[in-house]
Amino acid sequence: MRHPVVMGNWKLNGSKEMVTDLIKGLNAELAGVEGVDVAIAPPVMFLGLAEELLSDSKIILGSQNVDVNANGAFTGDISPVMLKEFGATHIIIGHSERREYHNESDEFVAKKFGFLKEHGLTPVFCIGESDAQNEAGETEAVCNRQVDAVINALGVDALNGAIIAYEPIWAIGTGKAATAEDAQRIHAAIRAHIAEKSEEVAKNVVIQYGGSVKPENAAAYFAQPDIDGALVGGAALDAASFAAIAKAAAEAKKA
Ligand code: PGA
């Protein structure tokens, strides 16, 4: 049985005060909630503060990026060793905002994927198509190409224990979410594509949906058999909204 994972991607938002209030709010809202792994990825600047605030919490600490060197002369880079030292385990890579604004290629993202695995960290590996690719009917081909970059570089077993986040770019931050049925179809296609290499890996890999997930639409996604959780942006910045999404996942996947 796949265990649902709901993760908050805070992007470039926060201050010491906001991080403190939001984590305190999440600790209170999520106390006693079972059946879902909940993770948050604050900006890297606040990992130390978040680690302290989560010391008695089951909430998993994550981060939004990693680079491909552990230490040395790499000005401005983020090391997996340092992420680990702050207790961050679930690391988002391949987000469309990094692919677009930082020109990160499929191959570079695959390299990050392998580097995280090498350091015992969990990649939260984002894939997804643009609006134009969606209109052109290329969604599955784009997702397969992005997944294949990892499989070709590292082998299908690298996906064991990793999380894939399917995030159609046109749905991110737009309020224009994919329908639960459309998302299910793509999730099933991604899983089927992985199953061509390994049925076992395909069966076990967690595939989150991301893109304008809100408390109002979350349950519909989690009711789908191949949607194992969510990567949440905007709604993750409000404790009550994010907790409602996490609780919806726990409830839907209980059976
Ligand atoms: P959103 O962002 O929930 O604000 O659409 C999701 C994401 O970018 O991970």
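Since the model is a prediction, treat every value here as computed from it, not as a measurement. Atoms within each ligand, like the ligands themselves, are counted from 1 in listed order.
The number of heavy-atom neighbours closer than 6.0 Å to NZ of Lys24, taken from other residues, nucleotides and ligands shown, is 12 or below. No more than 12 heavy atoms of other residues, nucleotides or ligands sit less than 6.0 Å from atom CE of Met45.
Using 4.0 Å as the threshold, Gly173 has a heavy atom nearer than that to some atom of ligand 1. Under a 4.0 Å heavy-atom criterion, Ala235 is not in contact with ligand 1. Distances from ligand 1 to the non-hydrogen atoms of Ala171 include at least one value under 4.0 Å. Taking a 4.0 Å cut-off on heavy atoms, Lys214 fails to register as neighbouring ligand 1.
Close approach to Lys11 involves these atoms of ligand 1, each under 4.0 Å from a residue heavy atom: 2 (O), 7 (C), 8 (O). Atoms of ligand 1 found under 4.0 Å from any heavy atom of His95, numbered from 1 in the order shown, are 7 (C), 8 (O), 9 (O). Listed by number with element, the atoms of ligand 1 under 4.0 angstrom from any heavy atom of Gly234 are 1 (P), 3 (O), 4 (O). Contact atoms of ligand 1 toward Glu167: 6 (C), 7 (C), 8 (O), 9 (O) (distance under 4.0 Å to a heavy atom of the residue).
If you look at Ile172 next to ligand 1, the close heavy atoms, those under 4.0 Å, come from the backbone and the side chain alike.
Across every non-hydrogen atom of Ala178 and Ala171, the tightest pair is N-CB, 4.2 Å.
Any N or O atom pair closer than 3.5 Å counts here, and Glu97 shares no such pair with ligand 1. Among the atoms of Ser212, some N or O lies under 3.5 angstrom from an N or O of ligand 1. Considering backbone and side-chain N/O atoms, Gly211 never comes within less than 3.5 Å of an N/O atom of ligand 1.
Going from atom CD1 of Ile91 over to atom CE of Met7 covers 7.0 Å, rounded to the nearest 0.5 Å.
Residue pairs meeting the ring pair (Phe, Tyr, Trp, His ring centres under 6.0 Å) criterion with at least one partner in residues 144-178, sequence neighbours excluded, are Tyr166-His187. Pairs passing the ring pair (Phe, Tyr, Trp, His ring centres under 6.0 Å) check and including a residue from residues 70-104, sequence neighbours excluded, do not occur.
Using a 4.5 Å heavy-atom threshold, the side chains of His119 and Val81 count as touching.
With respect to Asp157 and Lys197, no salt bridge is recorded, no charged nitrogen being found less than 4.0 Å from a carboxylate O.
What sits closest to atom 3 (O) of ligand 1 on the protein, heavy atoms only, is Gly233 N, 2.8 Å.
Counting only distance, with no hydrogens or angles, the side chain of Arg2 and the backbone of Asn204 share no donor-acceptor pair below 3.5 Å.
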